[in-house]
Every structure is written in C-alpha cells, then in structure tokens.
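Presented below is the structure to which this report refers.
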Protein chains: 2
Amino acid sequence: MTSAQTDRAAVPWAHTDEADCQHASRILEIVGQRWSPSILLALARGAQRFTEITTVVAGLSSRMLTLRLKQLESARLVERTVIPTTPVSVRYRLTPQGLDLITALQPIAGFVQRWEPRDRS
Amino acid sequence: MTSAQTDRAAVPWAHTDEADCQHASRILEIVGQRWSPSILLALARGAQRFTEITTVVAGLSSRMLTLRLKQLESARLVERTVIPTTPVSVRYRLTPQGLDLITALQPIAGFVQRWEPRDRS
DNA sequence: CTGGATCCCTATCGATACTG
DNA sequence: CAGTATCGATAGGGATCCAG
C-alpha cells in the first residue's frame, strides 16, 4: 500500500494512456456540452426534425440547437439530410457512430442510478 | 408508441427518461470539463499529491487543478485528505464512486478506439 | 508544497429579431 | 419549417503573483 495498491494488470484503465485520454476528452467535451445529451437522447428516441427536437427538449433554443447539431455533425455523430420538398425539410439522424456512442454512454446512466439520491414518493 | 420504429424493449436507452438525462448531464458536464478526464485518469493511475497531478498532466495549471478538484470533491468523486505534517501535505484519492465512474467511462475509451482514425500521417 | 487572489481576454449562452 | 444575425451578460481559462 505504498504508492499504487492497485494491480495494473487487473484494472482496465491502467493501460489507458494519455493519447487515449486526449481522444476521450474530445468526445466528453462534446457530449458534456450543455444540451448535447438531451439532443442525442431525443435523436435516439426517434426525433428527426429540427423543430421536433426543440419541442422535445424543453428550454432549447433554435440557436443552441443549430450550434450543437453542427458540432455533432462534424464529430460524425449525427447526419443531416436535406429533403428537397417545398418547403425543404431537414432530417437529422444518428450515425452508426452516434448510436455506438449512445451505447457507450449507457454505463453512465447506470452509474447515475447507482449513486444519485433517488427521491421516492 | 407513436413514431418510434425502434423496439423499446430491445434497446436500453429507450427507457432512459428525461430525468435520467438530466442527472447524466450533470455528470457529463463535470467530466466533460477541460482537464477533468486527465485528472481522473491521473488519480486512477495512482497520483495522489497536488503537485504530482500538475506534473503528470501536462499543461495543467495549479489554478485549474484547484478548481477541478473542488468540483470533483463536491461531486463526491474525489476525497481530499489533509495530513498534518510540516509542511502539510494533502492527498487526493478517488472515492468508490469515483472509481465506479472511471469504470463507467471505460466504454468511451472503447468507442474512441473503434472510431478515432489512427493517425498515420 | 498547496493553493488563493487578480487581471484580462475569449468563448459561450440566452434573448430577441429576422429570413428564405 | 429551419435556421441566421446581433447583442449583452456571464462564465471559463491562462498568466502571473503571492501566502501559509
């Protein structure tokens, strides 16, 4: 129990190096942004239209949604499709990568449920 | 069911509700902060002293470390222990909750390795 | 060694108004 | 419907200096 009482071979994060951490940080900084989780959740649940997302996510302005969607799109988590009707409609969908991220985020939900004080009525 | 073509019973995030999302957002906003992942990683790998962390995490100033540690502490992810030597030394450790968070963050590392383009310029 | 206090610049956000 | 433009307030972050 001197410096590291943990077994490096047994714990998965032991061989997470700085480079991985940098990469993970970028993802976490995107996902950690305000509104990002809510937007991803909305998309995961089937929302596709711009206005639909602003409706589902309470308090989200169109301005912020635009900003977030651009980020998520350049992170290749969300795909934007323009359908040339009149007027044009735009559809947003999670990419396979985005879906994978949602899956990777699931343990966080579990963590929250384990530790967050549940108010039961 | 309305417009969701997904099977609610099959996909785990389907029954993630807004409340869970709010809770998860708070965690993600903390973890997504600049330096937070690096600090958590440093602690997970055995760093305990203040200066040790600033050394391990390149570019991290004492000011930012102070701020982040306070956040992590009030989120109950990190525990601060003062050892009354002369001069006093302070030890930071991950709480069980903090360790659990690290574990919950592991899939993110997996995600990154799956999708991040390996840089071979 | 472990921070706290300032300064100062920038990024971010919300509100509002406007457009094709 | 799906955004863009602008503004003002605030929060974040780096640099620097200081203190117990």
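Letters go in sequence order (proteins before strands), and every chain restarts at 1.
Panel note: side chain B:Arg68, backbone B:Leu40; no donor-acceptor pair is recorded below 3.5 Å. Side-chain atoms of B:Ser36 come within 3.5 Å of backbone atoms of B:Ile30 as a donor-acceptor pair (strictly under, hydrogens ignored).
Distance, A:Ile30 CD1 to C:dA11 P: 17 Å, rounded to whole Å. In this structure, CD of B:Gln48 is placed 15 Å from C1' of C:dC1, rounded to the nearest angstrom.
Summarising the local packing, CZ of B:Arg76 is surrounded by 12 or fewer heavy atoms from other residues, nucleotides or ligands at distances under 6.0 Å.
Listed in residue order, the members of residues 60-82 of chain B having a heavy atom less than 4.0 Å from DNA chain D are B:Arg63, B:Met64, B:Arg68.
Recorded end-axis angle for the helix from C:dC1-D:dG20 to C:dG20-D:dC1 stands at 50°, based on five pairs per end and rounded to 10 degrees.
Atom CD1 of B:Ile108 is separated from atom OG of A:Ser25 by 11.0 Å, given to the nearest 0.5 angstrom. Taken to the nearest 0.5 Å, the CG atom of B:Leu94 stands 11.0 Å off from the CD1 atom of B:Ile39.
Two residues are said to be in side-chain contact when any heavy atoms from C-beta on lie closer than 4.5 Å; A:Thr66 and A:Phe50 meet this criterion. Side-chain contact between B:Gln33 and B:Gln71 is present, with heavy atoms from C-beta onward closer than 4.5 Å.
You can see that DNA chain D meets the heavy atoms of chain A within a 4.0 Å-exclusive cut from D:dC1 to D:dT6, reading 5' to 3'.
Look at B:Tyr92 and you won't find any side-chain N or O under 4.0 angstrom from OP1 or OP2 of C:dC1.
Of the two residues contacting DNA chain C, namely A:Val88 and B:Glu52, the nearest-nucleotide position lying further toward the 5' end is that of B:Glu52.
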